[in-house]
Amino acid sequence: MAKKDKSSDKLPSILPSGVKEQSFFEQVYEVARQIPKGRVTTYGEIAAYLGAKKSARMVGWAMNGAHVQEPSVPAQRVVNRNGMLSGKAHFATPTLMQELLEQEGIAVENDTVVDFKNKLWKPE
DNA sequence: GCATTGACGAAGG
DNA sequence: CCCTTCGCCAATG
């Protein structure tokens, strides 16, 4: 079976719910779900944890399908390296992300997490 | 099939 | 200190 399977090259990213996939995207979702309440993390930290810190953009891109994941991924706990809610515009409403964080005890001001450095959580 | 666009980040000018 | 460029990789036009 040394034959090269050309069909296995294809790696669908975001598939409809119900399909199990183990792609870079799913790994991002898994880590994001592990973020404790009242804490936040950055795209770069997740990417670095997965061994691709230069691919922080892909982490953000993966979040595009976060809301269709089951269970839903707390994307509001993921901010950029400055602690700024760079993804707030991608939520149902531009203020939803901030409200969700405040509901979990995270203060947000000027689209930025207050005392971000202290609330930063990093995956093991 | 190539060019543009990103929920980023680090480096360079 | 602010702005620009590069890298990364996938999706979209």
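Residue numbers start from 1 in every chain, and the chains themselves are labelled A, B, ... in the order their sequence lines are given, proteins ahead of strands.
Closest to the A:Arg81 side chain, of the nucleotides B:dA7, B:dG9, C:dA11, is B:dG9. Side chain of A:Ser55, nearest nucleotide from B:dA7, C:dA11, C:dC9: C:dC9. Taking every side-chain heavy atom of A:Arg57 into account, B:dG6 is the closest of B:dG6, B:dA7, B:dG9. Taking every side-chain heavy atom of A:Ala56 into account, B:dG9 is the closest of B:dG9, C:dA10, B:dA7. Of the candidate nucleotides C:dA10, B:dA7, B:dG9, B:dA7 has the atom lying nearest to any side-chain atom of A:Met63. With C:dC8, B:dA7, C:dA10 as the choices, the nucleotide that has an atom nearest any side-chain atom of A:Lys54 turns out to be C:dC8.
If you measure from atom CD of A:Glu45 to atom C1' of B:dA7, you get 16 Å, rounded to the nearest angstrom. With rounding to whole Å, A:Met58 atom CE is found 6 Å from C:dC8 atom C1'. In this entry the distance linking CD of A:Glu26 with C1' of C:dA10 reads 17 Å, nearest Å. Here B:dG9 presents its P atom at 7 Å from CG of A:Asn82, a figure rounded to the nearest Å. Residue A:Arg77 contributes atom CZ, which lies 22 Å from atom P of B:dA7 at whole-angstrom precision. Protein atom CG of A:Leu50 is 16 Å distant from nucleotide atom P of B:dC8, rounded to whole Å. Distance, A:His90 NE2 to B:dT5 P: 15 Å, rounded to whole Å. The distance between atom CG of A:Asn64 and atom P of B:dA7, rounded to the nearest whole Å, is 7 Å.
A donor-acceptor distance shorter than 3.5 angstrom exists from the side chain of A:Asn80 to the backbone of A:Asn82, with no hydrogens or angles considered.
Between A:Met58 and A:Phe24, the shortest heavy-atom distance links the atoms CB-CE2, 3.7 Å. Minimum interatomic distance between A:Phe116 and A:Thr42 (heavy atoms only, all atoms of both residues): CZ-CG2, 3.5 Å. The two residues A:His67 and A:Ser72 have their closest heavy-atom pair at O-OG, 4.2 Å.
Among A:Arg39, A:Lys119, A:Arg77, the one residue that satisfies the salt bridge (charged side-chain N to carboxylate O under 4.0 Å, His left out) test with A:Glu104 is A:Arg77.
A:Ala47 comes within 4.0 angstrom of nothing in the nucleic acid, heavy atoms only.
Taking atom P on both nucleotides, B:dC8 is separated from C:dC1 by 23 Å, rounded to a whole Å. The P atoms of C:dT5 and B:dT4 are separated by 14 Å, rounded to the nearest whole Å. Distance noted for atom P between C:dC6 and B:dA3: 16 Å (whole Å). For B:dT5 and C:dT4, the P atoms lie 15 Å apart once the distance is rounded to whole Å.
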